[in-house]
There are 2 protein chains.
Amino acid sequence: MAVTIKDVAKLANVAPSTVSRVIANNPRISEATKKRVKEAMKELGYHPNFSARSLANQNTQAIGIVMPSSGNSVFQNPFFPEVIRGISAKAHENKYALYMTTGTSEQEMYDGVVDMIQGRRVDGIVLLYSRVDDRIMTYLQESNFPFVVIGKPFRNIEDITHIDNDNFRAAQDATEHLIQQQHDRIGFVGGDRGLVVTVDRLLGYEKAIQKAGLTYRDDYVVHEEFLEEGGQEAINELMSLEEPPTGLVVTDDLMALGILKTLSEMDIKVPDDISVISFNNVMLSEISTPSLTSVCINIFWLGYEAADSLIEKIKVPETKPKRVTVPYRLVERNSCQTRQTN
Amino acid sequence: MAVTIKDVAKLANVAPSTVSRVIANNPRISEATKKRVKEAMKELGYHPNFSARSLANQNTQAIGIVMPSSGNSVFQNPFFPEVIRGISAKAHENKYALYMTTGTSEQEMYDGVVDMIQGRRVDGIVLLYSRVDDRIMTYLQESNFPFVVIGKPFRNIEDITHIDNDNFRAAQDATEHLIQQQHDRIGFVGGDRGLVVTVDRLLGYEKAIQKAGLTYRDDYVVHEEFLEEGGQEAINELMSLEEPPTGLVVTDDLMALGILKTLSEMDIKVPDDISVISFNNVMLSEISTPSLTSVCINIFWLGYEAADSLIEKIKVPETKPKRVTVPYRLVERNSCQTRQTN
DNA sequence: TTGTAAGCGTTATCAA
DNA sequence: TTGATAACGCTTACAA
């Protein structure tokens with residue numbers, strides 16, 4: 001077995017409880033013994049056993065991360081490594097480790113989350129997505145376990161701490177950016193309509209269209225799962241309309257990349273023939289050709305704030321639910337240009 | 001407190017140990033009591049407490065994942081979500097959960113790993129990269145803790161279970177692919193030369209060059225950190241040579257994407273003016289324009305095998321170290337073409 | 001086939 | 001300021 005608190009106690013000639021106090025940095029312990037114990041720890045190479053500690057403590061110093069199921073293609077989105085980096089940064093500052101459940105189906109994910117919570121593997125959970133009518137979120141709420149959501153909860157917003165951008169306004173701004181560039185036929189390409197973020201961005205788009213006095217056209221709004229089979233068809237149809245759009249608001253950089261490809265295959269030039277603006281500003285948007293004008297939503301920051309709010313909630317359970325809004329900003333690159341009216 | 005084994009025992013009118021046996025599916029327990037206990041568990045909504053179990057068991061049912069430090073830009077590489085997906089799949093089959101350390105510096109990572117191991121947070125570790133002279137790997141070896149490496153260990157290969165592609169041959173094949181397409185001026189663009197995989201691929205490239213009777217030129221070999229400041233310069237220089245290459249072997253799809261961009265800015269057309277072949281075959285290689293001819297290294301599979309070997313090692317500690325070689329295959333797309341000799 | 005009881009490595013309460 | 005000692009929730013000899 002590894003070296004335990006007892007070994008340290010023996011070597012330092014104190015009781016185990018004293019060693020425990022030294023670890024916890026209990027103020028009422030003499031500097032002398034503190035030093036002696038610390039030396040003993042160093043000498044033996046002592047490391048506290050987390051399981052034992054958790055058991056006694058009722059706390060794990062671990063945060064659970066719930067991603068979309070890995071069967072889902074969004075799993076591939078660079079959004080995730082980046083939020084995790086943010087979460088991780090804050091977690092690390094507070095000596096929390098990260099724990100992940102995974103699963104290839106919604107059911108597996110659900111079971112994983114239940115296990116994680118009921119099995120007391122973690123002190124709190126960050127839900128990395130928000131979808132309409134999500135069992136997991138419902139469960140989290142009912143279980144009364146500390147958790148925060150990245151994104152906007154579909155219901156019970158008031159009761160759930162969540163970290164989000166103002167996606168409505170962001171989409172409105174993005175759309176208006178195209179409008180300012182003289183575009184008046186603007187399409188919207190959304191991702192999974194089950195995601196609240198998709199809905200929010202669509203609403204923002206609609207608002208901008210309406211506010212500018214343009215007519216909202218159903219056939220300008222498509223949803224594609226570009227990673228799936230046949231994902232290109234939606235774009236094909238869109239561009240085959242009698243009056244195809246000259247500007248596109250796309251809800252995700254990765255989708256925009258796919259669209260860039262489809263367009264190039266149709267021999268439609270970006271930004272000359274059509275302007276494309278998208279969201280997230282992942283590193284790819286910079287290295288694609290053309291580089292993408294994208295709304296930077298500060299992914300890292302979302303993660304960082306999420307961990308921050310969660311840790312607060314863990315430490316002070318009475319903390320009121322709150323909404324943290326992370327700012328966004330439009331980053332202009334080369335996928336948009338003023339419409340050529342000739 | 002949550003419902004414990006005692007509560008279940010009481011309700012089912014048996015001893016706690018019996019409940020424990022039912023959980024462990026101990027064969028010598030009567031079907032009758034087994035059923036009774038199971039009903040009690042269901043009725044109370046019992047879930048075993050992992051900490052308690054780990055403490056008694058000396059096992060955590062968790063696998064630790066060690067990524068490069070998140071300060072490092074490779075963190076962004078879609079390689080990671082994909083290996084993790086693979087690890088996760090196998091882990092899940094065996095009811096292992098995933099645990100992640102993170103940190104922004106090598107030191108932080110190191111401390112995290114030590115904590116994870118000494119604190120008995122995990123039963124084994126998957127190291128997701130292999131670099132020349134890595135402290136963490138050295139530590140893992142010395143600590144005699146179950147671990148596997150994805151990639152080829154820099155030293156002590158015989159003693160370390162690792163999962164890898166034959167990167168030497170893969171690079172040789174990739175280079176020969178260009179040679180077959182009549183290219184005779186072929187450059188090599190590598191990533192971090194501290195990574196063993198970079199070295200292996202470079203050697204494979206050299207071998208192919210030499211085997212084909214082409215002359216190896218120092219100035220055709222560059223290493224770039226394309227995500228870093230000034231990453232484009234290496235390519236710029238390469239293409240400004242008096243006799244610039246007409247083919248490029250690039251060690252990573254993401255780098256290849258960056259190169260595609262740099263080339264397009266220099267008004268050099270791919271594949272017309274220059275052919276590019278890269279590695280990893282991440283989803284992006286398909287949706288880039290042009291799509292990338294890439295060596296598929298079966299990332300998911302790497303992860304899956306890694307978890308498999310690790311779990312075996314955890315269960316049977318005497319297991320001999322072994323090397324698992326995951327096959328690769330060249331996926332032809334549109335970034336390469338036969339050299340136009342006119 | 002089942003129960004009793006010790007032990008896993010901590011923390012925390014109560015005395016001293 | 002420190003030491004005994006009882007939890008924490010589970011597993012596992014050993015007994016029955």
Side-chain angles (χ1 to χ4, degrees), chain A residues 1-38 40-41 44-62 95 97 115-123, chain B residues 1-38 40-41 44-62 95 97 115-123:
Chain A
M1 271 326 71
V3 21
T4 80
I5 216 172
K6 287 183 186 170
D7 304 317
V8 177
K10 203 162 292 172
L11 181 62
N13 241 302
V14 294
S17 49
T18 302
V19 178
S20 177
R21 288 192 185 99
V22 173
I23 295 170
N25 219 320
N26 190 315
R28 44 198 203 181
I29 218 104
S30 76
E31 283 305 320
T33 46
K34 199 174 271 181
K35 202 181 144 207
R36 200 145 40 87
V37 169
K38 278 189 176 157
M41 297 200 308
L44 297 175
Y46 169 78
H47 281 265
N49 180 310
F50 277 104
S51 303
R53 191 186 270 230
S54 302
L55 188 56
N57 248 355
Q58 312 283 43
N59 103 4
T60 62
Q61 290 296 335
K95 303 206 178 300
D115 251 41
M116 199 146 98
I117 293 185
Q118 302 293 345
R120 294 284 180 279
R121 278 219 202 227
V122 298
D123 295 337
Chain B
M1 270 329 71
V3 20
T4 80
I5 217 174
K6 285 184 188 169
D7 303 317
V8 178
K10 203 163 291 172
L11 181 61
N13 241 303
V14 294
S17 51
T18 303
V19 177
S20 176
R21 291 193 183 98
V22 172
I23 294 170
N25 218 319
N26 190 315
R28 48 200 202 178
I29 219 101
S30 75
E31 282 306 321
T33 47
K34 200 173 269 183
K35 200 177 147 207
R36 199 144 41 87
V37 169
K38 279 189 176 157
M41 296 200 309
L44 296 176
Y46 170 77
H47 281 265
N49 180 311
F50 277 104
S51 304
R53 191 188 272 237
S54 303
L55 190 55
N57 250 355
Q58 311 283 44
N59 102 4
T60 61
Q61 289 296 336
K95 303 205 178 301
D115 250 42
M116 203 147 97
I117 293 185
Q118 302 291 347
R120 296 283 181 280
R121 280 220 200 226
V122 297
D123 295 336

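By convention in this document, chain letters (A, B, ...) are assigned in the order of the sequence lines, proteins followed by strands, and residues within each chain are numbered from 1.
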Residue pair [X] / [Y]: nearest heavy atoms and the distance that separates them:
X       : Y        : value
A:Ser51 : B:Arg120 : OG-O, 4.1 Å
A:Thr4  : A:Asp7   : N-OD2, 2.8 Å
B:Pro16 : B:Ala9   : N-CB, 3.6 Å
A:Lys95 : A:Gln61  : O-OE1, 3.1 Å
B:Thr60 : A:Arg121 : O-NH1, 3.1 Å
A:Val3  : A:Val8   : CG2-CG2, 4.3 Å

Just checking, any donor-acceptor pair under 3.5 angstrom between side chains of A:Ser17 and A:Ser20?
-> no
Starting at atom [atom1] of [X], determine the distance to atom [atom2] of [N], rounded to an integer number of angstrom.
X        : N      : atom1 : atom2 : result
A:Gln58  : C:dG9  : CD    : C1'   : 15 Å
A:Gln118 : D:dC10 : CD    : P     : 12 Å
A:Asn49  : C:dG9  : CG    : C1'   : 6 Å
A:Lys6   : D:dT5  : NZ    : C1'   : 12 Å
B:Asn57  : D:dG9  : CG    : C1'   : 12 Å
A:Arg53  : D:dA7  : CZ    : P     : 22 Å
A:Asp7   : C:dC8  : CG    : P     : 11 Å
B:Leu55  : C:dA6  : CG    : P     : 17 Å

Contacts to DNA chain C from residues 14-37 of chain B, heavy-atom cutoff under 4.0 Å, which residues?
-> B:Val14, B:Ala15, B:Ser17, B:Thr18, B:Arg21, B:Arg28, B:Ile29, B:Ser30, B:Thr33
Backbone of A:Val14 reached by a side-chain donor or acceptor of A:Thr18 within 3.5 Å = no
Helix axis bend for the helix from C:dT1-D:dA16 to C:dA16-D:dT1 - C1'-based end axes, five pairs, 10° rounding = 40°
Nucleotide nearest A:Ile5 (side chain, heavy atoms from C-beta), chosen from D:dC8, C:dC8, C:dT10 | C:dT10
Look at all strands and tell whether B:Phe50 reaches a base, only sugar-phosphate, or nothing, counting heavy atoms closer than 4.0 Å.
-> nothing
Decide yes or no for B:Arg28 and B:Asn26: does some side-chain heavy atom of the first lie under 4.5 Å from some side-chain heavy atom of the second?
-> yes
